[in-house]
Amino acid sequence: MVSICSPLPPNLVASSISVEAPRSRGRSLTSREYGVLLQSCIDSKSLERGKMLHSRIRKDGFERNRDLLPRLIKLYSVCGRIDDAKKLFDRMSKRNSDVFLWTSMICAYAKNGSMMRCFELFVQMLERGVRPDSYTFSGLLKASAEFGFLELTLQLHSMVVRCGCGGCLSVANSLIHAYGSLRVVHEARKLFDRMVVRDVASWSAMIQACSSMGSYADSMALFSSMQLGDCLKPNELTVVALLPACGFFSSLRKGQAVHAYVIRNGYESNLIIGSALVTMYSRCGDPDVAYMIFTSFYQKNLVLWTSMIEGFALNGKYDIALNLFKKMQDQGFQPNYVTLVVILSACSHAGFVDEGLQIFETMQEKFGVKAGVEHYACVVDMLGRGGRLEDAEKFIENMGMRPSGSMLGSLLGACQVHHNVEIGERMAYRLFELEPRNAANYVILSNVYAAVGQWHDVGRVRQMMIAKGLLKDSGCSWIELKDTVYVFGAHDRSHWESEKIYKVLEELSEEIVRAGYVPATEHVLLDVEENEKKKLLCSHSERLAIAFGLLKVPPEMPIRIVKNLRVCGDCHEAIKLISRVTSRKLVVRDTNRFHHFYRGCCSCGDYW
DNA sequence: ATAGGGTTAG
């Protein structure tokens, strides 16, 4: 027989006791013992066992026990019996004004997503004169943030202060989280900076807030101060909050370090961490390791599948991505909204226009997912990339919703690639109204003109930009070696080994010309001499970074670089040949995609 | 009895 204080896992203790032990021993359990058993029912969501326990607790007269009552409510709520929880609550609250009781019911509603009821109960509680405590506020803040109520969160915040709960760690953490998920990071940060004592949860919530806003540099900085300044050990939630930052910077070394930490701490079997790792490795251009992690999970879930599919697509392995999409369905997973965005985007980047359109048209009946803006945006992109610019424009007109800026932007980009001035102008002028301060739109329109040699219009657009005081984002590429990131701008000569770098480029130029390279000067969108154009092309930032990589990265290792804009068409050709003449694997990350160059070919199949 | 997690177009 297993005893109560056995070191075995609680569910084992519970199952062996709740059924036979008490009766066979012929004695009642203490409230403490009931507490342990109830907890195990909560953990394993065992409603039937919990009900049996409940009736025995009632018989033994422990139902009003301050330890057991909240647990009973929690048991019913985690088992999806929120109404039973409320019945019990109603029965008990007639004579009970204990904050424990009220808070547990409020939290049950908060977890359950019953926003209105949660706050109704809170009001009733205040009317009854029950003073809320830190637990009450944590529950309420969770509900308020989840429903995106900023006003309410602010009111709760001021109540927290008035009730003297402002100094409580868990309440402060809840507030940081709430502000973070409401995307008011500065409020979260203000609070965070004022905290006297911070624990892992505070740091994790703050890192998460930064990551969800895309302030990844802040996430990174916080992560190191947490360890160096506060000497705190990251936990699973910290890791999950940090991994997107590693992926964003394509910082394979940092990502690998986090992965090693995950393994050292036994977090590998955590599905959420697994999905975050798959995404991180995919964004660092290493889909093979991502796939290894993916396969290491025997029990997968939809998010893991979706992450892996996206990972392959991101790295140009479109066929594998689509196969995985089929395999996922064979294994009984129905794609959701996000999966369909991912798969449509894959079709768009792969040039699988017809397949993509078919998925789009049948997604509602087949998967019960109603197409949203993101899906429509993928279709516009798909048609645009495929050169079906008129179809794309018609699609925008007839889709029955206001086009988003990004939709018009992707069609404008397609007009640059396919040299369509007419549609390009229409898109650009709509965009100028929609997002007047976005310099990128002006730049693309001027590129559209430049691509067809309308230099007068190029100048006109440039004048518009100057008049509005808009500056073009300048292109740069970077490469990470050891723990340092080296950034190169176009025609950059600031690096201390600049001379060597340009020497490598010169030698390479000769070699790739021998291998058949012809500089595609149409990619120089400036009105300058032909020879000047050739020179300008050679020192694009991506080539500088690659040359530096050739000098520094051991020959057996791939050279990974990242560029903040799209790789230009000429560099793409050149890099293909560089991979051939040097027999190196070159991995270039674009704004959002990867190009894997090897033996003169690129994974994108020249369609991007 | 409480807070915190992964996948989303260009």
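Basis for what follows: all heavy atoms, side chains included, without hydrogens, waters or symmetry-related copies.
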Check every strand shown and say whether A/Arg66 touches a base, only sugar-phosphate, or nothing at a heavy-atom separation below 4.0 Å.
nothing
Taking the six-membered ring for Trp and the full ring for Phe, Tyr or His, determine whether the centres of A/Tyr281 and A/Tyr291 are under 6.0 Å apart.
no
Within the pair A/Arg385 and B/dG10, is there a side-chain N or O less than 4.0 Å away from OP1 or OP2?
yes
Whole Å only: how far is the CG atom of A/Asp133 from the C1' atom of B/dA1?
8 Å
Students often mix this up, so state it plainly: with edges at 30° and 60°, are the rings of A/Phe249 and A/Tyr216 parallel, tilted or perpendicular?
perpendicular
Under 4.0 Å, heavy atoms only, any strand: does A/Glu310 hit a base, just the sugar-phosphate, or nothing?
sugar-phosphate
Using a heavy-atom cut-off of under 4.0 Å over every strand shown, decide if A/Arg593 touches base, sugar-phosphate, or nothing.
sugar-phosphate
Taking the six-membered ring for Trp and the single ring otherwise, decide whether the centroids of A/Phe192 and A/Trp203 are under 6.0 Å apart.
yes
Could you state the atom-to-atom distance from NE2 of A/His177 to P of B/dA3 in whole Å?
10 Å
Rounded to whole angstrom units, what separation is found between the NZ atom of A/Lys74 and the P atom of B/dA1?
7 Å
Between B/dT2 (P) and A/Ile73 (CD1): distance, integer Å
11 Å
Among B/dA1, B/dG5, B/dG4, which nucleotide sits nearest the side chain of A/Asn235?
B/dG4
May I ask you to verify if any side-chain N or O of A/Gln208 is less than 4.0 angstrom from the OP1 or OP2 atom of B/dA3?
no
Between A/Tyr135 and A/Phe100, does the ring centre distance come in under 6.0 Å?
no
So does A/Ser307 reach the base of B/dT7 with its side chain, donor to acceptor, closer than 3.5 Å?
no
Atom CG of A/Leu156 and atom C1' of B/dT2: how far apart are they, to the nearest Å?
14 Å
A/His349 vs B/dG10: side-chain N/O to OP1/OP2 distance below 4.0 Å
yes
I'd like to know if A/Asn301 reaches the base of B/dG6 with its side chain, counting only an N/O donor and acceptor under 3.5 Å.
yes
A/Phe100 has a side chain; which of B/dA3, B/dA9, B/dA1 sits nearest to it?
B/dA1
Given atom CG of A/Leu243 and atom P of B/dG5, what is their separation to the nearest angstrom?
15 Å
Counting side-chain heavy atoms from C-beta on, which of B/dA3, B/dG10, B/dG5 comes nearest to A/Ser345?
B/dG10
Distance, rounded to the nearest Å, where A/Leu389 contributes CG and B/dG10 contributes P:
16 Å
Using the six-membered ring wherever Trp is involved, compare the ring planes of A/Phe333 and A/Trp305 and label them parallel, tilted or perpendicular (cut-offs 30° and 60°).
tilted
Nearest of B/dT7, B/dG10, B/dA1 to any side-chain atom of A/Ser410?
B/dG10
Whole angstroms only, please: what is the CD-C1' distance between A/Glu146 and B/dG4?
12 Å
Would you indicate what A/Ala201 reaches in the nucleic acid, counting non-hydrogen atoms under 4.0 angstrom: base, sugar-phosphate, or nothing?
base
A/Asp381 side-chain proximity, nearest of B/dG10, B/dG5, B/dA3:
B/dG10
Indicate yes or no: does A/Arg71 engage A/Asp67 in a salt bridge with an N to O separation below 4.0 Å.
no
Can you tell which of B/dA3, B/dA1, B/dA9 lies closest to the side chain of A/Cys378?
B/dA9
Any side-chain N or O of A/Lys142 less than 4.0 Å from the OP1 or OP2 oxygen of B/dG4?
yes
Need one value for A/Leu271: base, sugar-phosphate or nothing, where a base atom within 4.0 Å counts as base even if backbone is also close, heavy atoms only.
base
